[in-house]
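Data first, discussion second: the structure below is written as structure tokens.
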2 protein chains.
Amino acid sequence: MKVRTASMPTLRLTPLAALEQAAECLKTLAHPHRLRIVQMLLQGRYTVGELAEACEIPSHMASEHLRLMQRCGFLTSEKDGRKNFYQIAEQHLASIMGCIESRFGCVP
Amino acid sequence: MKVRTASMPTLRLTPLAALEQAAECLKTLAHPHRLRIVQMLLQGRYTVGELAEACEIPSHMASEHLRLMQRCGFLTSEKDGRKNFYQIAEQHLASIMGCIESRFGCVP
DNA sequence: CAATTATATCGTTACATTTCGATATGTAAC
DNA sequence: GTTACATATCGAAATGTAACGATATAATTG
């Protein structure tokens, strides 16, 4: 067993309960189409159909992805006629997406 | 179909192929025990047994989590006798973990 | 060499997620 | 009212993932 000494700084650990929440959110984010949807919504307001077209998937599947992300607090929606516009609700998504983009490309 | 105008800035989109890679990595990260392991390794070098104890899991399961994270390039390991020390290989983990901590707690 | 310790791997079971077609709901156009 | 459109929901099939006990390897101790 490791014994802590004065020369050893105390280890900062987030409680497991908080890490479970974090893992849930990351799992929700961890899908290529959902990443693209978030990336688009960080740049504007879009309808289900527009997001589906950008991801090259049928709109009923985009709808499902949006429902998942709405359920964990990432997004909100506003109906306008028969269109449904989605937008970012969780502001931390900007910084997390920034990290992802800086690692996986397409940032000058 | 949405028509782009001068007042509308061009939409920056990471290619789907890159988002698939990103999603893979996020999926690997999206587990409470793996998050704790990464959080610890960002603060030092630890053995399988130490990481397992901190996560309160049997060490053969810690070993499995470590294997997954090593396989996607997050970690490397160095044997010393019968102990195996793991450490961070992917430097972007620091900033991503920073985002997660700032949202899910335990940062003053 | 036998026993112990630290880590890794295997095979199975249980559970969750993704995707898809079909269908439903609500709104607008004719 | 009927048709077309946008979105949402349902159920099934396929696939993926997590956890576990058992077992294996490899280094150290006695």
Contact boundaries on DNA chain D for chain A, cut-off under 4.0 Å to non-hydrogen atoms: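 Contacts span dA4(D) to dT9(D), reading 5' to 3'.
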
task: Using a heavy-atom cut-off of under 4.0 Å over every strand shown, decide if K79(B) touches base, sugar-phosphate, or nothing.
output: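 The answer is nothing, as K79(B) stays clear of every strand by at least 4.0 Å.
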
Pairing residues for [X] by the side chain to side chain donor-acceptor pair (under 3.5 Å) criterion, not counting sequence neighbours:
{"X": "H60(A)", "value": "none"}
{"X": "S77(A)", "value": "Q70(A)"}
{"X": "R82(A)", "value": "none"}
{"X": "R36(B)", "value": "none"}

- request: Take the protein atom CG of D80(A) and the nucleotide atom C1' of dA28(C), then report the distance between them rounded to whole Å.
  value: 12 Å

- request: Quick one: list whatever passes side-chain contact (heavy atoms from CB on, under 4.5 Å) with H65(A), sequence neighbours left out.
  value: H31(A), H33(A), R34(A), I37(A), I57(A)

- request: Name all residues meeting the side-chain contact (heavy atoms from CB on, under 4.5 Å) criterion together with C25(B); count only those two or more places apart in sequence or in a different chain, and write none if there are none.
  value: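 Expected list: F104(A), F74(B).
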
- prompt: Does dA22(D) have a Watson-Crick or wobble mate here (both distances under 3.5 Å), and if so which one?
  reply: dT9(C)

task: Please evaluate the base of dT7(C) for a donor-acceptor partner in the side chain of R82(B) within a cut-off of under 3.5 Å?
output: no

task: Please go through L68(B)'s hydrophobic cluster and name the other residues, only I, L, V, M, F, W, Y counting, with side-chain heavy atoms under 4.5 Å joining them.
output: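 None; L68(B) is a cluster of one.
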
field: Those residues of residues 58-67 of chain B lying under 4.0 Å from DNA chain D by at least one heavy atom
entry: H60(B), M61(B), H65(B)

